[in-house]
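Read the structure below first, then the notes.
All values reported here derive from a predicted model rather than from experimental measurement. Each residue takes its place number in the sequence, starting with 1.
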Amino acid sequence: MSLCHHCGVLLRDAALLAAAAHIAPAGTWLPGPRRALFPALAGHGRADHVALTFDDGPDPRTTPRFLRVLDELEVRATFFVLGEGVTRFPRTTLEIVRRGHELAVHGWTHSRPWLPAPARDAHEVARTARALRLATGAAPRWYRPPYGILTGGRWLAAARAGLTPVLWSAWGRDWSADATARSVLATVRRDLRGGATVLLHDTDRAAAPGCWRATLAALPAVVAECRAAGWEVGPLAEHGTRRWAHDHPMRR
């Protein structure tokens, strides 16, 4: 084997390893393996509690509507926000906190991480966490990447920022144009149980225009289902989810 050919093989193998390290952890997006192998990542918490979470805000057009309904229901939730939105809409960001809700990191923008970019991931996650600290005076604890795609770079970015990655165990599929209050409730109900983390959206900024209306209409029924089953509804801070270091697939 020539030296050039040998170097070529090494470079190819190194590229394959880098690609695997980037994309393999993102397999935790699949609900079955996530629930079975990484329950903390799936947001499994106290058996008598359901964590209610919202992604993609803040949005001054829609987030305040959710805040009003949550006030009426006497429920507090966790909002996974985008750093770009935090800087554009500081008043809405502060209103979420003023109403007693928890803020968490969703990334700087709602991007798809198809190519490895660990330096960019680290910068954007840290930048969002810093924006939240500056805006509210409190350090965020949780991280959920856009689309729930936890690449190797995003795992490491969360670790460096001192954040715990949490995805979800039930969702409403409320981002589509054909979502209705009935479909959101029915989809959440399929995986709703004590200890679940529910994923919904308080904006349509990264989804079909107007889809947030279905989520807003379904929200009272989702909370009612939980309470009828004897489960408290609240933020991740009260959910009893374990710290990420004990459930991190890159540490196994």
Side-chain angles (χ1 to χ4, degrees), residues 29 31-32 34-35 39 42-81 92 95-104 106 110 142 144 146-148 166-241:
W29 185 89
R34 183 167 70 245
R35 284 195 298 264
H44 183 72
R46 291 165 32 205
D48 64 343
H49 189 269
V50 169
L52 183 61
T53 70
F54 296 92
D55 281 9
D56 297 355
D59 186 336
R61 302 172 303 122
T62 59
T63 302
R65 299 171 186 258
F66 284 83
L67 297 178
R68 284 194 291 271
V69 171
L70 290 169
D71 273 353
E72 293 168 3
L73 296 169
E74 298 183 336
V75 167
R76 300 296 172 259
T78 300
F79 286 78
F80 284 86
V81 295
T92 306
E95 186 63 15
I96 296 172
V97 176
R98 192 186 73 78
R99 301 285 186 104
H101 303 286
E102 181 181 32
L103 290 176
H106 196 38
H110 208 275
W142 314 102
R144 176 186 291 155
Y147 307 102
V166 176
L167 299 184
W168 60 85
S169 45
W171 63 3
R173 297 189 68 89
D174 55 345
W175 57 85
S176 62
D178 59 352
T180 64
R182 180 175 294 182
S183 74
V184 171
L185 175 61
T187 307
V188 169
R189 185 185 284 149
R190 291 174 195 162
D191 296 305
L192 188 61
R193 56 184 57 86
T197 290
V198 176
L199 163 63
L200 297 171
H201 298 79
D202 61 306
T203 177
D204 58 5
R205 291 180 64 203
C211 61
W212 60 270
R213 298 180 186 277
T215 310
L216 189 65
L219 190 52
V222 171
V223 172
E225 290 256 340
C226 295
R227 287 175 169 164
W231 305 321
E232 298 176 23
V233 182
L236 281 166
E238 301 172 1
H239 195 47
T241 301

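Partners of Glu72 under the side-chain hydrogen bond (donor to acceptor under 3.5 Å, both in side chains) rule, at least two apart in sequence or in another chain, do not exist in this structure. Among residues two or more places apart in sequence or in another chain, the side-chain contact (heavy atoms from CB on, under 4.5 Å) test is passed with Ala208 by Ala177, Cys211. Applying the side-chain contact (heavy atoms from CB on, under 4.5 Å) criterion to Val198, with sequence neighbours excluded, gives Val50, Leu52, Ala170, Val188, Leu192, Leu200.
In this structure a side-chain-to-backbone donor-acceptor pair under 3.5 Å is missing from Thr241 to Gly45. Judged by distance alone, with hydrogens and angles left aside, the side-chain atoms of Glu102 form a donor-acceptor pair with the main-chain N or O of Ala237 at under 3.5 Å. Judged by distance alone, with hydrogens and angles left aside, the side-chain atoms of Arg190 form no donor-acceptor pair with the main-chain N or O of Trp171 at under 3.5 Å. A donor-acceptor distance shorter than 3.5 angstrom exists from the side chain of His101 to the backbone of Ala77, with no hydrogens or angles considered. Formation of a donor-acceptor pair under 3.5 Å by the Ser183 side chain with backbone atoms of Ala179 is not found in this model.
Note on residues 226-236: pairs passing salt bridge (Lys or Arg N to Asp or Glu O under 4.0 Å), not counting sequence neighbours, are Arg46-Glu232. Pairs of residues two or more places apart, or lying in two chains, that qualify as salt bridge (Lys or Arg N to Asp or Glu O under 4.0 Å) and include a residue from residues 53-70 are Asp55-Arg144, Asp59-Arg61, Arg61-Asp204. Within the structure, the ring pair (Phe, Tyr, Trp, His ring centres under 6.0 Å) test picks out the following pairs touching residues 220-241 (sequence neighbours left out): His49-His239. Applying the ring pair (Phe, Tyr, Trp, His ring centres under 6.0 Å) test to residues at least two apart or on different chains, the pairs with a partner in residues 52-76 are Phe54-Phe66, Phe54-Phe79. Annotation: side chain to side chain donor-acceptor pair (under 3.5 Å) contacts involving residues 210-220, sequence neighbours excluded, comprise Asp174-Thr215.
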For the pair Leu70 and Arg99, evaluate side chain to side chain contact (heavy atoms under 4.5 Å, CB included) and give the outcome as yes or no after the intermediate values.
CA-CA 9 Å; Leu70 290 169; Arg99 301 285 186 104; over 6 Å; no
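Rounding to the nearest 0.5 Å gives a distance of 9.0 Å between CH2 of Trp168 and OG1 of Thr53. Atom-to-atom distance recorded for Cys226:SG and Arg189:CZ is 11.0 Å, nearest 0.5 angstrom. A distance of 11.0 Å separates CD1 in Ile96 from OG1 in Thr78, rounded to the nearest 0.5 Å.
Within the 4.5 Å cutoff, the side chain of Arg205 has no heavy atoms near those of the His201 side chain. Using a 4.5 Å cut-off on side-chain heavy atoms (C-beta onward), Val233 and Val222 make no contact. A 4.5 Å side-chain heavy-atom check between Asp191 and Ser169 finds every atom pair outside the cut-off.
Smallest separation of non-hydrogen atoms from Gly194 and His44: O-CE1, 4.3 Å. Ala214 and Val184 make their closest contact through CB-CG2, 4.2 Å (heavy atoms, listed as atom of the first residue, atom of the second, distance).
If you check the side chains of Asp202 and Thr63, you find a donor sitting under 3.5 Å from an acceptor.
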